[in-house]
Amino acid sequence: MSQITTVSTVPIAGQKPGTSGLRKKTPVFMGRHYLENFVQAIFDVVGARNEDGGGKTFVLGGDGRYFNDRAAQVILRMAAANGAARVIVGQGAILSTPAASHLIRLNRTDGGIIMSASHNPGGPNEDFGVKFNMPNGGPAPEGVTEAMYQRTTEITEYKVMEAQDVDLGRVGRHQLGAMVVDVVDPVSDYAALMESLFDFAAIRAMFAAGFRMRMDAMCAVTGPYAVEILEHRLGAPRGTCVNATPLPDFGGLHPDPNPTWARALMDEMFSDAAPDFGAASDGDGDRNMVVGRGIYVSPSDSLAVLAANAHLAPGYAAGLKGVARSMPTSAAADRVADALGIAKYETPTGWKFFGNLLDAGRATICGEESFGTGSDHVREKDGLWAVLLWLNILAVRKQSVAEILREHWVRFGRNYYSRHDFEAIDTARAEAMFAALRAGLAGLPGQVVEGMTISAADDFAYTDPVDGSVSLKQGVRVLFGDGSRIVYRLSGTGTEGATLRVYLERYAPGPEGLDLDAQQALAPVIRAAHALAGIAAHTGRTAPDVVT
Ligand code: G1P
Ligand code: ZN
């Protein structure tokens with residue numbers, strides 16, 4: 001007989017979900033009652049039972065990082081104690097974030113819990129995270145995460161079942177008290193979804209004809225998905241996927257697919273031995289970086305190219321309803337939307353803001369400058385999806401990545417783009433910088449910096465066109481008369497001090513000047529960004545830690 005125990009607890013400060021769930025250092029999450037308090041807050045807010053008293057069904061999985069396995073057992077015991085009827089778990093407690101989103105939708109469940117700190121490093125002294133996704137498969141909206149946070153500030157007890165661990169290594173049906181635990185293969189349903197969207201025969205033929213790619217899974221969750229889909233189903237040569245075994249510490253890698261952290265891939269793609277196409281994905285598989293032979297594709301450009309060519313894939317042959325991008329993402333996708341005569345949306349940073357647009361059928365493809373692209377097939381960004389859509393486009397157009405990108409710029413103009421990150425800044429100093437920046441906003445229009453005239457400056461506010469909810473203070477924008485733009489934001493996902501993100505953009509209509517180095521093309525905008533915010537004076541930093 002399994003017994004349900006009610007454990008007394010006290011609130012723990014700081015359990016406030018950020019841009020994407022609650023993320024903390026692993027030792028913090030492993031601290032007494034820390035995970036339990038937050039999971040109880042989730043169940044208190046969303047309920048483990050239906051109104052008729054019957055138990056709900058949830059999905060559970062994570063990116064395999066350190067503590068993933070043990071946290072899964074705790075969450076299962078708490079789900080059972082709180083009255084859930086059934087939990088669908090990826091084998092080994094593994095699910096990529098997009099695969100979890102798909103399982104939530106496919107099985108018409110009541111939502112899911114994803115254990116991940118995304119692209120943050122994992123390990124005993126690195127990061128861990130937990131987030132709740134809604135029945136639509138998407139991250140809980142701010143109202144819900146705020147309610148969870150409120151709940152953590154007043155919590156007095158949590159419920160847990162006393163029982164042995166569930167054997168999550170064995171696919172099939174298990175029992176935890178009255179609750180059913182269905183352990184499923186993490187890959188198969190997701191792979192089937194991909195096969196329904198893309199022309200696998202065309203991609204297979206391209207590989208058979210000698211096309212070569214490198215997929216760097218960065219020792220994170222995408223490995224098994226990429227091997228199954230690219231190597232087994234599409235016939236890419238064995239070894240196409242590297243770092244394909246998920247490890248609890250990601251092999252010491254920083255599983256963030258950008259030119260800095262995916263250095264090995266960049267080096268290979270710019271070498272004489274470069275294959276035709278390269279890609280990398282992050283800790284939980286929702287991010288992607290795409291590289292051609294000798295050419296890097298910025299995420300903002302990738303979104304624009306995918307939007308312009310999506311109709312070449314069977315899943316999008318009917319065309320797109322609209323394209324949505326986060327505010328700091330470049331306007332390249334807007335130009336495509338205008339040319340296609342479809343709707344375009346500009347949302348705050350964070351995938352959760354795309355959910356309503358996707359649910360309402362207003363947008364089909366969404367993207368962020370932070371290496372996130374996705375569509376209405378799930379309610380998360382999806383790294384492998386972006387890789388497959390690129391492959392489908394390459395297979396149909398029979399051109400190189402460089403040719404496709406250059407043709408795109410000639411047609412639409414080029415939005416030179418870069419993001420400069422200043423990490424682990426003293427929080428008080430970062431906040432002082434923003435206070436000064438906000439206080440000076442009204443005086444900026446009309447000023448000339450680096451020869452560019454400021455046309456507008458504001459703190460981005462967003463009114464959701466579907467539910468009318470308003471999100472304020474989503475980033476300081478400085479817009480210039482020539483179409484250049486600077487955006488300043490503080491990261492909502494970091495776990496150490498503050499991270500300042502400076503987003504830089506400049507538009508070149510072409511046909512000349514489309515082949516510059518992005519940092520060179522942006523040099524005046526970069527100088528203006530430092531001058532306007534007084535970055536060095538406020539933070540003591542003169543150069544960014546990461547440039548993407
Ligand atoms: C970062 C990215 C953002 C993304 C989020 C989750 O958030 O900037 O676009 O949605 O990670 O992957 P930030 O740290 O900037 O708050
Ligand atoms: Zn991620």
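Counting starts at 1 for both ligands and their atoms, in listed order. Bear in mind that the values here come from a model prediction, so they are computed numbers and not experimental data.
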- Query: Got the closest protein heavy atom to atom 7 (O) of ligand 1, with its distance?
  - Reply: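 Of every protein heavy atom, Thr493 CG2, 3.5 Å lies nearest to atom 7 (O) of ligand 1.
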- Item | Distance from atom 12 (O) of ligand 1 to nearest protein heavy atom, with residue and atom |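 Among all protein heavy atoms, the one nearest atom 12 (O) of ligand 1 is Lys381 NZ, 2.8 Å.
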- Item | Expected output: side-chain Thr329 to main-chain Glu369 donor-acceptor under 3.5 Å |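 Judged by distance alone, yes, a pair lies under 3.5 Å.
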- Message: Taking Phe354's backbone N and O only, do any of them form a donor-acceptor pair with Thr347's side chain (distance below 3.5 Å, no angle check)?
- Response: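 The answer is no, because no donor-acceptor pair under 3.5 Å joins these two groups.
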Within ligand 1, which atoms have a heavy atom of [X] less than 4.0 Å away?
{"X": "Thr349", "answer": "3 (C), 8 (O), 9 (O)"}
{"X": "Arg501", "answer": "8 (O), 13 (P), 14 (O), 15 (O)"}
{"X": "Arg419", "answer": "8 (O)"}
{"X": "Gly492", "answer": "13 (P), 14 (O), 16 (O)"}
{"X": "Gly350", "answer": "10 (O)"}

- Task: Look at the rings of Tyr462 and Phe353 and say which category their plane angle falls in: under 30° parallel, 30 to 60° tilted, over 60° perpendicular.
- Result: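 Ring orientation, 0 to 90° scale: perpendicular.
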- Under 30°, 30 to 60°, or over 60°: which ring-plane class applies to Phe422 and His420, parallel, tilted or perpendicular?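 Phe422 vs His420 ring planes: tilted.
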- Task: Compute the centroid of each ring, for Tyr225 and then for Tyr190, and state whether the two points are separated by less than 6.0 Å.
- Result: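 Ring centres of Tyr190 and Tyr225 closer than 6.0 Å.
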- Message: Any N/O/S atom from Asp284 (main chain or side chain) under 2.8 Å of the Zn ion (ligand 2)?
- Response: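 Yes, within the cut-off.
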- Message: Tell me whether the Zn ion (ligand 2) has Ser116 as a neighbour, meaning an N, O or S atom of it below 2.8 Å.
- Response: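 No, Ser116 does not qualify, because none of its backbone or side-chain N, O or S atoms lies under 2.8 Å.
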Taking [X] first and then [Y], would you say they form a salt bridge - that is, a charged N and a carboxylate O separated by under 4.0 Å?
{"X": "Asp458", "Y": "Arg477", "value": "yes"}
{"X": "Asp216", "Y": "Arg214", "value": "no"}
{"X": "Arg325", "Y": "Glu368", "value": "no"}

Purely on distance, is any nitrogen or oxygen of [X] under 3.5 Å from one on ligand 1?
{"X": "Arg287", "value": "yes"}
{"X": "Glu368", "value": "yes"}
{"X": "Ser118", "value": "no"}
{"X": "Ser370", "value": "yes"}

- Task: Give, rounded to 10 degrees, the angle between OD2 (Asp282) and OD1 (Asp286) as seen from the Zn ion (ligand 2).
- Result: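 An angle of 90° at the metal.
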- Working to the nearest 0.5 Å, report the span between OH of Tyr417 and CZ of Arg485.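 Taking OH in Tyr417 and CZ in Arg485, the distance rounds to 6.5 Å.
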- Query: With Asp127, which of Lys24, Lys25, His119 fulfils side chain to side chain donor-acceptor pair (under 3.5 Å)?
  - Reply: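 Looking at Lys24, Lys25, His119, the match for Asp127 under the side chain to side chain donor-acceptor pair (under 3.5 Å) is Lys25.
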- Counting heavy atoms only, which part of Lys352 comes closer than 4.0 Å to ligand 1: side chain, backbone, both or neither?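 Answer for Lys352: neither.
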